[in-house]
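Everything below concerns the one structure shown next.
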Amino acid sequence: MSTVRQILANKAFRMITIGPDAMVYEALEVMNEHNISAILITQDGKLSGIFTERDYARKVVLKGKSSKEVRIDAVMTPSPIVVSPDQSIEHCMELMTEKHIRHLPVMDNGELSAIVSIGDVVKFIIEDQKQTIQNLESYISS
């Protein structure tokens, strides 16, 4: 069974975080700079929330608020659902589908270590299926 650890082994990433006292506009600038659609909110090295483009659309834009006047902790999703590196990719897919989320922070021994997106999961599954097909084709032709 494939695990989150396998996704992380093939993923080049840097942990992008911002503090809870930052303004939404600052978070959007960081997200744009790094071409990401979600940012983790941390305080004193601990995960406090996640802020996504969906949060921005629903909690700032549609409410008529200004991103330069709203703090990130007022609109972030607090206590996000997390996974461990040893959890299965199938479990991640189930969580993302049931909870209608696209990002899962990864906690390793109580420490924030990464974030996995639905894109990461889909990419891994596609590559895994390609490998399975190649192995089956090789087996059949030999």
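Contact detail for Met107 and Pro85: the closest heavy-atom pair is O-CD, 3.4 Å. Nearest heavy-atom pair across Ile115 and Lys11 is O-NZ, 2.7 Å. For Asp108 against Ser113, the heavy-atom pair with the smallest separation is CB-OG, 3.8 Å. Here the closest non-hydrogen pair linking Leu40 and Pro105 is CD2-CG, 3.7 Å. Residues Val60 and Ser66 approach most closely at CG1-C, 4.4 Å, considering heavy atoms. For the pair Ala27 and Ile39, the tightest heavy-atom approach, listed with the atom from each and the gap, is CB-CG2, 4.4 Å.
Taking CE from Met96 and CD1 from Ile118, the interatomic distance works out to 5.0 Å, rounded to the nearest 0.5 Å. Rounded to the nearest 0.5 angstrom, Glu90 CD and Ser88 OG are separated by 4.5 Å. Taking NZ of Lys59 as the start and CD1 of Ile72 as the end, the distance is 9.5 Å to the nearest 0.5 Å. Rounding to the nearest 0.5 angstrom, the gap separating the NZ atom in Lys99 from the CD1 atom in Ile81 is 5.0 Å. With rounding to the nearest 0.5 angstrom, the CZ atom of Arg102 is 8.0 Å from the OG atom of Ser37. Here the CD1-OG distance, from Ile89 to Ser2, works out to 4.5 Å after rounding to the nearest 0.5 Å.
In terms of hydrophobic clustering, with Ile, Leu, Val, Met, Phe, Trp and Tyr side chains grouped at heavy-atom distances under 4.5 Å, Ile41 and Met23 are assigned to different clusters. Met15 and Val83 are not part of a single hydrophobic cluster, where members link through side-chain heavy atoms under 4.5 Å apart. Leu62 and Val70 fall into different hydrophobic clusters, where Ile, Leu, Val, Met, Phe, Trp and Tyr residues are linked whenever their side-chain heavy atoms come under 4.5 Å apart, directly or through other members. Met31 and Ile50 fall into different hydrophobic clusters, where Ile, Leu, Val, Met, Phe, Trp and Tyr residues are linked whenever their side-chain heavy atoms come under 4.5 Å apart, directly or through other members.
At a cut-off of 3.5 Å, with distance as the only test, a side-chain donor of Gln131 or Asn135 sits close to an acceptor on the other residue. In this structure, a donor-acceptor pair under 3.5 Å is present between the side chains of Asp120 and Ser117.
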So Thr77 and Asp55, side chain to side chain donor-acceptor pair (under 3.5 Å) or not? Walk me through it.
-> CA-CA 8 Å; Thr77 300; Asp55 290 324; 3.3 Å; yes

Under the side-chain contact (heavy atoms from CB on, under 4.5 Å) rule, what do Asp86 and Val4 come out as? Steps first, then yes or no, please.
-> CA-CA 6 Å; Asp86 298 317; Val4 171; over 6 Å; no

Is there a side-chain contact (heavy atoms from CB on, under 4.5 Å) between Leu112 and Thr42 once you walk through the steps?
-> CA-CA 9 Å; Leu112 179 62; Thr42 58; 3.7 Å; yes

Please assess Tyr56 against Val75 for the test side-chain contact (heavy atoms from CB on, under 4.5 Å), listing each intermediate value before the final yes or no.
-> CA-CA 8 Å; Tyr56 175 66; Val75 292; over 6 Å; no

Test side-chain contact (heavy atoms from CB on, under 4.5 Å) applied to Arg58 and Glu53, step by step = CA-CA 9 Å; Arg58 293 178 179 179; Glu53 291 172 338; over 6 Å; no

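For Lys68 (side chain) and Val24 (main-chain N/O), no donor-acceptor pair under 3.5 Å exists by modelled atom type. Put simply, the side chain of Gln6 gets close to the backbone of Thr3: a donor and an acceptor are under 3.5 Å apart. Within the 3.5 Å criterion, the main-chain N or O of Leu95 finds no donor-acceptor partner in the side chain of Glu98. Proximity of a side-chain donor or acceptor of Asn32 to a complementary backbone N or O of Glu29 within less than 3.5 Å is not detected. In this structure, Glu127 contributes its side chain and Phe124 its backbone to no donor-acceptor pair below 3.5 Å. Put simply, the side chain of Ser141 gets close to the backbone of Ser138: a donor and an acceptor are under 3.5 Å apart.
Annotation: side chain of Thr52 is in contact with side chain of His103 (closest heavy-atom distance under 4.5 Å). With a 4.5 Å cut-off on side-chain heavy atoms, Val82 and Val106 do not count as touching. Residues Phe51 and Leu28 meet the side-chain proximity criterion, which asks for heavy atoms closer than 4.5 Å. Here the side chains of Ile16 and Val30 are in contact, with some heavy-atom distance below 4.5 Å.
Heavy-atom contacts from other residues, nucleotides or ligands closer than 6.0 Å to CG of Asn109 number 12 or fewer. Counting non-hydrogen atoms of neighbouring residues, nucleotides and ligands closer than 6.0 angstrom, the NZ atom of Lys123 reaches no more than 12 such neighbours. The number of heavy atoms from other shown groups lying within 6.0 Å of CZ (Arg54) is above 12. No more than 12 heavy atoms of other residues, nucleotides or ligands lie within 6.0 Å of CE in Met93, so this atom counts as exposed by the packing criterion.
Salt-bridge formation is not detected for the pair Arg71/Asp21: no Lys NZ or Arg NE/NH1/NH2 atom is positioned less than 4.0 Å from an Asp or Glu carboxylate oxygen.
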